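For reference, positions follow the sequence shown, starting with 1. Worth saying up front: this structure is predicted, and the values here are computed from it rather than measured.
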Amino acid sequence: MPRSKRARIVHESKVTKKDHKEQTRRLYANIRECLEQYDHMFVFAVDNMRNTYLKDVRTEFTDSRLFFGKTKVMAKALGSTPETEAAPNLHRLTPYLTGAVGLLFTSRPAENVINYFETFRPQDFARAGTEATRSFSIPNGLVYSRAGEIPTDNDEPISHTIEPALRKLGVPTRLIKGKVMLELTEGQEGYQVCREGETLDSRQTTLMKMFGVTSSEFKVDLKAQWERSSGEIKILEEDAMVDA
């Protein structure tokens, strides 16, 4: 059969598949190299992971190296036994390499690093499926943009254009002379969006975001520290997993 002469799409660039073995080898080699280059290594855990804030940490520590993820590779690079460890006492850190954890290599004073992470606690909006860290309700009457989170003197009524979205999300509002009003049955002090301790759904998190309610805290917990000069291990977290 003659070859078709119809026009064909010719891609000028080709996507190269990721070489996972090469990535693993590079991560292993980079960790081994950092063990000889930096004075301190910290094992850290991330609570309420947000890529934006993790990028802020990387920007802050441009003079250091940060590795996050692939815990099995990191554990192998450190060494899980005294016979396989890359430097003295590193095998004692492998029990901490589980979950959302990473390694920070730095030559900054250890006290400065610890102080930075103790104060770096940015607030963000909660995600569906997470536990509510606080209760939130919308007060009766005129609905304000922050729903009572700040004094009404410093707040302003919510725009009438948002009222349909509130009703769609189950909030019993209606427009009265162009103002959004919350009307509940007698005895109710406000519309309860969520209660502390309950698992949030997408409707609740959407409402909290609409009113600017942040209840999720991005936090980096330093779990352990290793000193290159002495090989000393310091356990930094209060609820230590192992008796180091």
Peer 1: Could you check whether any side-chain heavy atom of Ser64 comes within less than 4.5 Å of a side-chain heavy atom of Phe105, counting everything from C-beta outward?
Peer 2: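 A side-chain contact under 4.5 Å is absent here.
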Peer 1: Out of curiosity, does Val193 fall in the hydrophobic cluster containing Tyr144 (side-chain heavy atoms, cut-off under 4.5 Å, transitive links)?
Peer 2: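 No, because Tyr144 and Val193 fall into different hydrophobic clusters, even though each may have its own neighbours under 4.5 Å.
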Peer 1: Donor-acceptor pair, Thr205 side chain versus Arg127 backbone, under 3.5 Å?
Peer 2: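 The answer is no, because no donor-acceptor pair under 3.5 Å joins these two groups.
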Peer 1: Nearest heavy-atom pair of Gly231 and Trp226: which atoms, and what distance?
Peer 2: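 So the minimum-distance heavy-atom pair works out to CA-NE1, 3.7 Å.
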Peer 1: Is there a side-chain contact between Met210 and Ile162, using heavy atoms and a 4.5 Å cut-off?
Peer 2: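 A side-chain contact exists here, since the closest heavy-atom pair is under 4.5 Å.
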Peer 1: Establish whether Leu175 and Leu182 are linked, either directly or via other cluster members, by ILVMFWY side-chain heavy-atom contacts under 4.5 Å.
Peer 2: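 In one cluster with Leu175: Leu182, yes.
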Peer 1: Short question: side chain of His40, backbone of Arg108 - any donor-acceptor pair under 3.5 Å?
Peer 2: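 Confirmed, His40 side chain pairs with Arg108 backbone.
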Peer 1: Roughly how far apart are Glu22 CD and Leu27 CG, rounded to 0.5 Å?
Peer 2: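 It comes to 11.5 Å.
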Peer 1: Just how far is it from atom CD1 of Ile150 to atom CG of Asp155, taken to the nearest 0.5 Å?
Peer 2: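 Rounded to the nearest 0.5 Å, the CD1-CG separation comes to 4.0 Å.
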Peer 1: Specify the closest pair of heavy atoms between Phe211 and Ala147, including all atoms of both residues, with the distance to one decimal.
Peer 2: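 In this case the closest contact between Phe211 and Ala147 is CD2-CB, 3.5 Å.
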Peer 1: Should we say atom CZ of Arg121 is surrounded by more than 12 heavy atoms from elsewhere, each under 6.0 Å from it?
Peer 2: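 Counting neighbours around CZ of Arg121, more than 12 heavy atoms of other residues, nucleotides or ligands fall under 6.0 Å, so yes.
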Peer 1: Would you indicate whether the side-chain heavy atoms of Met41 and Gln225 approach each other to under 4.5 Å?
Peer 2: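 With C-beta onward as the side chain, the pair stays apart.
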Peer 1: Please work out which of the three classes, parallel, tilted or perpendicular, describes the rings of Phe68 and Phe44, given edges at 30° and 60°.
Peer 2: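 Answer is parallel, since the angle falls under 30°.
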Peer 1: For side chain to side chain contact (heavy atoms under 4.5 Å, CB included), just list the numbers for Met181 and Leu142, CA-CA rounded to whole Å, side-chain angles, deciding distance to a tenth of an Å, and then say yes or no.
Peer 2: CA-CA 5 Å; Met181 304 295 294; Leu142 181 61; 3.9 Å; yes
Peer 1: What's the spacing between Thr59 OG1 and Leu54 CG if we round to 0.5 Å?
Peer 2: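 Nearest 0.5 Å value for the OG1-CG distance: 9.5 Å.
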Peer 1: Taking C-beta and beyond as the side chain, do Leu35 and Leu90 meet within less than 4.5 Å on heavy atoms?
Peer 2: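 Yes, at least one pair of side-chain atoms sits under 4.5 Å.
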Peer 1: Any chance you could lay out the side chain to side chain contact (heavy atoms under 4.5 Å, CB included) test for Phe136 and Gln204, step after step, and finish with the verdict?
Peer 2: CA-CA 10 Å; Phe136 170 60; Gln204 292 169 308; over 6 Å; no
Peer 1: For Ser107 versus Gln37, what's the shortest heavy-atom pair and its separation?
Peer 2: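 Heavy-atom minimum between the residues: OG-O, 4.2 Å.
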Peer 1: For Arg58, is the CZ atom crowded, meaning more than 12 foreign heavy atoms sit under 6.0 Å from it?
Peer 2: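 Result for CZ/Arg58: enclosed.
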Peer 1: Might you point out which heavy atoms bring Ala77 and Ile31 nearest each other, and give the distance in Å?
Peer 2: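 Heavy atoms of Ala77 and Ile31 come nearest at CB-CG2, 3.7 Å.
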Peer 1: Side chains of Met74 and Thr71: does their closest heavy-atom pair fall under 4.5 Å?
Peer 2: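 Yes, side chains in contact.
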Peer 1: For Lys70, does the NZ atom sit with more than 12 other heavy atoms under 6.0 Å from it, leaving out its own atoms?
Peer 2: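 Check passes, neighbour count above 12.
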Peer 1: Got Pro172 and Glu183 here, is their nearest side-chain heavy-atom distance under 4.5 Å?
Peer 2: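 A side-chain contact is absent here, since even the closest heavy-atom pair is not under 4.5 Å.
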Peer 1: List the steps and the verdict of side chain to side chain contact (heavy atoms under 4.5 Å, CB included) for Val220 and Tyr116.
Peer 2: CA-CA 10 Å; Val220 174; Tyr116 171 80; over 6 Å; no
Peer 1: So, does Ser135 use its side chain to make a donor-acceptor pair with the main chain of Glu196 at under 3.5 Å?
Peer 2: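 Yes, the answer is positive, given that a donor and an acceptor are paired below the 3.5 Å cut-off.
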Peer 1: Could you walk me through whether Cys34 and Phe67 pass the side chain to side chain contact (heavy atoms under 4.5 Å, CB included) check?
Peer 2: CA-CA 11 Å; Cys34 288; Phe67 302 95; 3.9 Å; yes
Peer 1: Taking the side chain as every heavy atom from C-beta outward, state whether Leu66 and Phe61 have any pair of such atoms under 4.5 Å apart.
Peer 2: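 No, every pair of side-chain atoms sits at 4.5 Å or beyond.
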Peer 1: Would you say Arg167's side chain and Arg174's backbone share a donor-acceptor pair under 3.5 angstrom?
Peer 2: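 Pair absent, no side-chain N/O of Arg167 close to backbone of Arg174.
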Peer 1: So how far is it from Glu163 CD to Thr173 OG1, rounded to the nearest 0.5 Å?
Peer 2: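 Reported value, rounded in 0.5 Å steps: 3.5 Å.
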Peer 1: Which atoms form the tightest heavy-atom contact between Asn140 and Gly190, and what is the distance?
Peer 2: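 Minimum heavy-atom separation between Asn140 and Gly190: OD1-CA, 3.8 Å.
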Peer 1: Can you tell me how far the CD atom of Glu131 sits from the OG1 atom of Thr199, to the nearest 0.5 Å?
Peer 2: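 Between Glu131 CD and Thr199 OG1, I get 6.5 Å after rounding to 0.5 Å.
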Peer 1: Under a 4.5 Å cut-off applied to non-hydrogen side-chain atoms, are Asp56 and Phe120 in contact?
Peer 2: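 Side-chain contact under 4.5 Å: yes.
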Peer 1: Report the distance from atom CG of Leu78 to atom CG of Leu97, rounding to the nearest 0.5 Å.
Peer 2: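 CG of Leu97 is found 6.0 Å from CG of Leu78.
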Peer 1: Can any side-chain N or O of Glu198 pair as donor or acceptor with the backbone N or O of Arg195 at less than 3.5 Å?
Peer 2: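 Confirmed, Glu198 side chain pairs with Arg195 backbone.
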Peer 1: Group every Ile, Leu, Val, Met, Phe, Trp and Tyr by side-chain heavy-atom contacts under 4.5 Å, then state whether Leu207 and Val213 land in the same group.
Peer 2: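 Shared cluster, yes.
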Peer 1: Would you name the heavy atoms of Ala224 and Ile235 that are closest together and state the gap between them?
Peer 2: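 Of all heavy-atom pairs spanning Ala224 and Ile235, the closest is CB-CD1, 4.1 Å.
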Peer 1: Treating Ile, Leu, Val, Met, Phe, Trp and Tyr as nodes and any side-chain heavy-atom pair under 4.5 angstrom as an edge, say whether Met208 and Phe125 lie in one connected cluster.
Peer 2: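 In one cluster with Met208: Phe125, no.
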Peer 1: Less than 6.0 Å separating the ring centroids of Phe117 and Phe42?
Peer 2: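 Between Phe117 and Phe42, the centre distance exceeds or equals 6.0 Å.
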